[in-house]
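Note on naming: letters A, B, ... go to the chains in the order of the sequence lines (proteins, then strands), and numbering restarts at 1 for each one.
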Protein chains: 2
Amino acid sequence: MIQDPYSLPAEEFYERGHTYFLPHISIDCVIFGFHDNQLKVLLLEWKDSLRWSLPGGFILKDEDIDQAATTILLKRTGLEKIHLQQFHTFGDPNRDRKKHGINPPKGSNSKGWLMDRFVTIGYWALVEHSKVTPTPDAFSRSCSWCEVSEVPELILDHNLIIEKALESLRQQLNDYPIGFNLLPAKFTMPELQSLYETILGEKLDRRNFQKKILSLGILTRLNERKQGGAHKAPYLYKFDRKKYQMALKRGLSFGI
Amino acid sequence: MIQDPYSLPAEEFYERGHTYFLPHISIDCVIFGFHDNQLKVLLLEWKDSLRWSLPGGFILKDEDIDQAATTILLKRTGLEKIHLQQFHTFGDPNRDRKKHGINPPKGSNSKGWLMDRFVTIGYWALVEHSKVTPTPDAFSRSCSWCEVSEVPELILDHNLIIEKALESLRQQLNDYPIGFNLLPAKFTMPELQSLYETILGEKLDRRNFQKKILSLGILTRLNERKQGGAHKAPYLYKFDRKKYQMALKRGLSFGI
DNA sequence: GTTTTATTGTGTTAATCGTACACAATGATA
DNA sequence: TATCATTGTGTACGATTAACACAATAAAAC
């Protein structure tokens, strides 16, 4: 028994995965990034080049499910500390590759464990786009960012999973200041506003937005401005974890 | 193969359950009721009389997980149409009866499927207390209501599951008008307010509460008053599903 | 270099919403 | 018949949100 079954070649993973993992249970991750004023998700392109799917994985027989999700995130992005959120478990009995006409790799047993019905636990994650190294898994030829509104048809119910993840993300963005996880350490107010507008899908008033965000008292304005863009250079801000902790104690009222 | 494995005697269920259900996956239900101005949950007392647990069950190999939860609800309450909400999946590897010193029934195989590690999908449900017929399962001697703040120590992480369910319920109660599911068809404003106060754990102003609730435009005041109590008889109201649908379309702003 | 342009930084006003609060009406009880 | 606890209703104030205007600035155009 080796330590990391994900390092196995695809054929062996397919034939022997069931000795490592809980059967019938998987994890799927909707990994959000923000780039060029667009909200993107990380997708895998299969080696047969005809199918796309969400990054996913399985749960070791003695592994915590959050830990399993963290491992998947690390493998696909190279990042360790990631804002991670379980949001829904999908249990339609048609979540079954056989029923969707997905065949096992050539030469493999067509009754392999991967061809069973799976209940999948959905997680979404927020990552800083520029820090991610998209890395395909053993079954994929590529791993790449895709704008949320341009996601192609994915296997099984993965399109539905993205929809539900977005819904949950919008909800959370309204209740907690989690948007910073999608931006670099230093960012401008217009960048933050654009992020909110993109995710929530509505235009916001520039002045009221700034007032609201600053009133939370969790940002520090730096003595730097973002140079390079055309027009007036905006200030840079950073998210202040200490201020955030203090604000939490006295009760943080959010809602954009 | 019979149709309903839950009808099996406990011993047979224990020995042969794995032929019907997905392994390593369970469902646990936090069933909320409101009575005597108290929020209650339905608990099972085991036949050995020393342990308590949440009502739960398993997923048939070709069954939808929401359907599986609905079946559990029906078995324990006798009710069919129930407001049901999946809220979290619990996947600590220590969710394992062996690790918690829980023994299988006497004479049974100590390596039975029920002794494995389980990932459990948590649902909460809102029911009308007076309509429920609490019904124990094959492993339990009783099924009864327990005030939320007086829940005894339960098996595994079931106390944690209740905590998380409550958290999710409070959140939802703030976002959607779901409280009516806990009351009879006809109810008074003081009853509804008491329900909100109990779940949210705070006193509310009587007049502002009424204003807010009525402004939603989803209640109909009946030409009846609730007789019998001491003091002035309050009006009866009913939740109006049609008005609710219309309100949803024009955007329902909630938040108590 | 000067002008133009799009964008940033900031503050004021009006409208809305939430909170605090008072008094008359009612039904049972004393 | 008087008392009491509770219900039904309305108003005033403060806080929050939404709408809106103008000066400052950095790059680009001329």
Q. Quick one: salt bridge (charged side-chain N to carboxylate O under 4.0 Å, His left out) pairs with a partner in residues 211-221 of chain A, sequence neighbours left out?
A. none
Q: Could you check which residues of residues 183-195 of chain B get a heavy atom under 4.0 Å from DNA chain C? Sort them by number, please.
A: none
Q. CZ of B:R221 versus C1' of D:dT7: gap in Å, rounded?
A. 11 Å
**Q.** Qualifying ring-ring contact (aromatic ring centres under 6.0 Å, His included) pairs, either residue in residues 143-162 of chain A, two or more places apart
**A.** A:H129-A:W145
(Q) Tell me the closest heavy-atom pair linking A:Q227 and A:A233, and the distance in Å. (A) OE1-CB, 4.1 Å
Q | Under 3.5 Å: donor-acceptor pair, side chain of B:T198, backbone of B:S194 | A | yes
Q: For each nucleotide in nucleotides 22-30 of chain C, reading 5' to 3', give B when a protein heavy atom comes within less than 4.0 Å of its base, S when such contact involves only the sugar-phosphate, and - otherwise.
A: B--BBBS--
**Q.** Closest non-hydrogen atom pair between A:L54 and A:L42, with its separation
**A.** CD2-O, 4.4 Å
Q | DNA chain C contacts among residues 209-219 of chain A, heavy-atom distance under 4.0 Å | A | A:Q210, A:K211
Q: Would you name the heavy atoms of B:L195 and B:F34 that are closest together and state the gap between them?
A: CA-CZ, 3.4 Å
Q) Looking only at heavy atoms, what is the nearest atom pair of B:P136 and B:L44, with distance? A) CA-CD2, 4.0 Å
Q: Sort out for me which residue in B:Y196, B:F239, B:Y244 forms a ring-ring contact (aromatic ring centres under 6.0 Å, His included) with B:F180.
A: B:F239
**Q.** Pairs flagged by salt bridge (charged side-chain N to carboxylate O under 4.0 Å, His left out) wherever residues 68-91 of chain A is involved - sequence neighbours left out
**A.** A:D4-A:K75
Q) Of the non-hydrogen atoms in A:R206 and A:Q193, which two are nearest, and what is the gap between them? A) CA-OE1, 3.5 Å
Q. Atom CG of A:N208 to atom P of C:dG11: distance rounded to whole Å?
A. 14 Å
**Q.** Whole angstrom value for the distance that separates P of C:dT19 from NZ of B:K203
**A.** 16 Å
